[in-house]
Trainee: 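Before we start, here is the structure in question, set down as structure tokens.
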Amino acid sequence: MTVRTRFAPSPTGYLHIGGVRTALFNWLFARHHGGTFILRIDDTDTARNVDEALQPILDGLLWLGIDWDEGPRVGGPHEPYFQSQRADRHCLAVEALLASGHAYRDFSRPEELDLERKAAQAAGAAFIYSRRFAAMTDADCNRFIAEGRSSVVRLKMPRTGSLTIVDLVRGPVEFAWQREQDHVIQRANGSCLYHLASVVDDQDLAITHVIRAEEHLSNTPRQAFIAMSLGYKLPTYAHLPLVAEPGSRTKLSKRKLSQYLKNADFSQITDHGTRIAERVGLTVQSDTFNPVVVDFYREVGYLPWAIVNYLALLGWSYDDHTEFFSRDELISRFSLEKINSSPASFDPKKLWAVQDHYMRGATMAEKLAVMLPFLQRAGLVPSSPTAETLSLVQSIVEASGDRLKVAGDILAYADFFLVDHPLMDQAAVRLRLEKPGIGSLLGSYRKSIAELSEFSKISLEESLKKIVADAGLKTGDFVHAVRVAVTGKTVGPGLYDCLFILGRESVLRRIDSAIKLCPPATT
RNA sequence: GGCCCCGUCGUCUAGAGGUUAGGACACUGGCCUUUCAAGCCGGCAGCACGGGUUCGAUUCCCGUCGGGGUCACCA
């Protein structure tokens, strides 16, 4: 039997990190078994613009390298892959359930049901619908219609016995039928509800393994009832541990996006990301630019595989020491058996470390490919850069080394190289330049640079150290001032790298400007 | 509240009767150093609790406590 798994997001306008993890595990399981990974769009909630809300989800999955064999854009033998377009199949299933007595038309009014529910509550008992408005016969039906009632279709759930499903992550789980409600499967307006639709679609798409988040575990009995009543073979279920908020066990919720933007655990990557976004003129909105949404990472310049590798480790592990996997390794090593059953909290700092690892390992070509667009969007490099500019950028990337954690970091390290006059950090100027004697030291250094027979990192360093030694100072006393003088800031790549990349003319010019900021010599 | 799931360092985890309970991230002390980053060396920190079973339980069973999920004419 060929494995067929699916990820079935509803078009919400963004790709949630928890959703990605579910998609990833489905994808990995299918790829591992040489099976088929299907993307189905559960767009039963027709209110929103599907195209627009779907785009970010498809783009996000593709960016991460999670590709699907059947679904939107690629089609497949079981089209359509949009739940809303399969309504006729759902209705047919409802008819079949009605005909076989596994469902019934219910003419109760919402307030009548409420009354029953409240009565049960008051009595301290679990609510079990009386079915007194259930039309079990045509005669009942006609009578209720004559009363002017409208109806929904409900499942006629068993009230004795139990169901045991064998979950691939959790093992056997037993549910007493008595606790289940007569869930509505078709609304008064004739449209069908998610659970019915989902079961029918899974059957029609020949899904063999339903791999989804644990929040669906409680929904399984009603879905299993629908499937069994329809004569379907039950798929194998695997309920993944929830992805929880940082430092907590509470589900990472899509309804709390704006809270996460202010969450202290997220603040490091959120603030860092926001600085980058601002420099490229990105509008920062909580429902898209948010560390719980995949777009955030793309916009800030994370490497997609770093995200995937990190997410794979959330609830799954291969052994006691391996944590970095290539795509092929991850696919060959993945198994449902190694999935943990307890919730895993999302740790932004660990993600950051994984990203750091992959950025270090990236080749120069890869780094340039991801970083150049940031420089271009920030207006520091033209859209069609010359070979000279490209080589300058490459030097900057090289000199910056592993200070560049995400692609967007290039902005902070490259900006002063790419403009004529660096933006001077006023605090840095006060700290490093507005000190007695600095002006004359800079003057000396300027002079020796101008006279350097060979402009190289080594000669730059030697001449600086000579000046410092002559003045009876330590290197550190002067290096910081030079850095601020030429770059405008206190941090950056190695000083001699900076000077060398800037070139003699530019360095001299910058030192001249900086000297004007220093206090005049007292003698 | 009912039902279901879960419970090893702060976090992700290894462990599947006998281990000095291992690793990673984070945190932290020191060294190095022109900033930052990195690097090197070191440190802190965990089996929720109580009963069983057993010669022996982190590991198996029961209970307690704790956490989470779910109980819609949402998906």
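Chain letters run A, B, ... following the sequence lines, proteins first and then strands; every chain starts at 1.
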Trainee: For A:Leu423, is the CG atom crowded, meaning more than 12 foreign heavy atoms sit under 6.0 Å from it?
Mentor: no

Trainee: Between the protein and nucleotides 7-9 of chain B, which nitrogen or oxygen pairs are less than 3.5 angstrom apart?
Mentor:
none

Trainee: Within a radius of less than 6.0 Å around NZ of A:Lys156, do more than 12 heavy atoms belonging to other residues, nucleotides or ligands occur?
Mentor: no

Trainee: If a protein heavy atom is under 4.0 Å from the base, mark B; if only from the sugar-phosphate, S; if neither, -; do that for nucleotides 27-38 of chain B going 5' to 3'.
Mentor: -------BBBBS

Trainee: With salt bridge (Lys or Arg N to Asp or Glu O under 4.0 Å) as the rule and sequence neighbours excluded, what pairs involving residues 483-495 of chain A come up?
Mentor: A:Asp415-A:Lys489

Trainee: Measuring only the P atom in each nucleotide, how far is B:rU28 from B:rU19? A whole number of Å is fine.
Mentor: 34 Å

Trainee: Using the ring-ring contact (aromatic ring centres under 6.0 Å, His included) criterion, which residues pair with A:Tyr81? Sequence neighbours excluded.
Mentor: none

Trainee: Just jot down the ring-ring contact (aromatic ring centres under 6.0 Å, His included) partners of A:His195, sequence neighbours excluded, or say none.
Mentor: none

Trainee: Write down the distance between CD (A:Glu323) and C1' (B:rC12), rounded to a whole number of angstrom.
Mentor: 9 Å

Trainee: Considering only atom P, compute the distance from B:rU59 to B:rA14 and round it to an integer number of Å.
Mentor: 16 Å

Trainee: Could you tell me which nucleotide pairs with B:rU20 by Watson-Crick or G-U wobble geometry, both distances under 3.5 Å, or answer none if nothing does?
Mentor: none

Trainee: Rounded to the Å, how far apart are A:Asp167 CG and B:rG69 C1'?
Mentor: 14 Å

Trainee: Can you pull the salt bridge (Lys or Arg N to Asp or Glu O under 4.0 Å) pairs that have at least one residue in residues 5-21 of chain A, sequence neighbours excluded?
Mentor: A:Arg6-A:Asp202

Trainee: Just name whichever nucleotide pairs with B:rU59, Watson-Crick or G-U, keeping both distances under 3.5 Å, else none.
Mentor: none

Trainee: Distance between the C1' atoms of B:rC27 and B:rU33, in whole angstroms?
Mentor: 23 Å

Trainee: Between B:rA14 and A:Ser317, is there an OP1 or OP2 to side-chain N/O distance shorter than 4.0 Å?
Mentor: yes

Trainee: NE2 of A:His321 versus P of B:rA14: gap in Å, rounded?
Mentor: 14 Å

Trainee: Applying ring-ring contact (aromatic ring centres under 6.0 Å, His included), can you list everything that pairs with A:Phe346, at least two apart in sequence or on another chain?
Mentor: A:Phe266, A:Tyr310

Trainee: Between B:rG69 and B:rC31, how many Å separate the two P atoms, rounded to a whole number?
Mentor: 47 Å

Trainee: Using atom types as modelled and distance alone, determine if a side-chain donor or acceptor of A:Arg432 lies under 3.5 Å from a backbone N or O of A:His480.
Mentor: no

Trainee: Which one is paired to B:rC3, where only Watson-Crick or G-U wobble pairs with both distances under 3.5 angstrom count?
Mentor: B:rG69

Trainee: Return the value, rounded to whole Å, for the distance between atom CD of A:Glu214 and atom P of B:rC71.
Mentor: 13 Å

Trainee: Can you tell me the distance, in whole Å, between the OH atom of A:Tyr310 and the C1' atom of B:rU13?
Mentor: 12 Å

Trainee: Any protein N or O atoms within reach of nucleotides 72-75 of chain B? Criterion: under 3.5 Å, listing atom names and distances.
Mentor:
unit_1 : atom_1 : unit_2   : atom_2 : d
B:rC73 : O2     : A:Ala188 : N      : 3.4
B:rC74 : OP2    : A:Arg187 : NE     : 2.5
B:rC74 : OP2    : A:Arg187 : NH2    : 2.4
B:rC74 : O3'    : A:Arg187 : NH2    : 3.4
B:rA75 : OP1    : A:Arg187 : NH2    : 3.0
B:rA75 : OP2    : A:Tyr194 : N      : 3.1
B:rA75 : O3'    : A:Asp42  : O      : 2.7
B:rA75 : O2'    : A:Ser10  : OG     : 3.1
B:rA75 : N6     : A:His195 : NE2    : 3.0

Trainee: If you assign each of A:Trp316 and A:Val173 to its closest nucleotide in RNA chain B, which residue comes earlier from the 5' end?
Mentor: A:Val173

Trainee: Using the P atom as the reference point in each nucleotide, state the distance between B:rU34 and B:rA26 in Å, no decimals.
Mentor: 25 Å

Trainee: Could you check how far CD of A:Gln355 sits from C1' of B:rA24, rounded to whole Å?
Mentor: 17 Å

Trainee: With sequence neighbours left out, what residues match A:Asn263 under side chain to side chain donor-acceptor pair (under 3.5 Å)?
Mentor: none

Trainee: When the P atoms of B:rC36 and B:rC32 are considered, how many whole Å apart are they?
Mentor: 14 Å

Trainee: Could you tell me how far apart A:Lys251 (NZ) and B:rG69 (P) are, to the nearest whole angstrom?
Mentor: 7 Å

Trainee: Work out how far the P atom of B:rC60 is from that of B:rA72, and round it to whole angstrom.
Mentor: 35 Å

Trainee: Name all residues meeting the salt bridge (Lys or Arg N to Asp or Glu O under 4.0 Å) criterion together with A:Arg430; count only those two or more places apart in sequence or in a different chain, and write none if there are none.
Mentor: none

Trainee: Could you tell me how far apart A:Asp347 (CG) and B:rU13 (P) are, to the nearest whole angstrom?
Mentor: 11 Å

Trainee: What class does the angle between the rings of A:His216 and A:Tyr194 fall in, given that below 30° is parallel, 30 to 60° is tilted and above 60° is perpendicular?
Mentor: tilted

Trainee: Suppose we screen for ring-ring contact (aromatic ring centres under 6.0 Å, His included). Which residues come up paired with A:Trp68, at least two apart in sequence or across chains?
Mentor: none

Trainee: In terms of side-chain heavy atoms of A:Lys338, which of B:rC12, B:rG15, B:rG22 is nearest?
Mentor: B:rG15

Trainee: Would you mind pulling out the nucleotide paired to B:rG29, Watson-Crick or G-U wobble, both distances under 3.5 Å?
Mentor: B:rC41

Trainee: Roughly how many Å apart are B:rU13 and B:rG7, using the C1' atom of each and rounding to a whole number?
Mentor: 14 Å

Trainee: Which atom pairs, one a donor and one an acceptor, fall under 3.5 Å between side chains of residues 161-170 of chain A and the rest of the protein, sequence neighbours left out?
Mentor:
unit_1   : atom_1 : unit_2   : atom_2 : d
A:Ser162 : OG     : A:Glu174 : OE2    : 2.8
A:Asp167 : OD1    : A:Val169 : N      : 2.7
A:Asp167 : OD1    : A:Arg170 : N      : 2.9
A:Asp167 : OD1    : A:His239 : N      : 3.3
A:Asp167 : OD2    : A:His239 : N      : 3.0
A:Asp167 : OD2    : A:His239 : ND1    : 2.6
A:Arg170 : NE     : A:His239 : O      : 3.2
A:Arg170 : NH1    : A:Glu214 : OE1    : 3.3
A:Arg170 : NH1    : A:Ser341 : O      : 3.2
A:Arg170 : NH2    : A:His239 : O      : 2.9

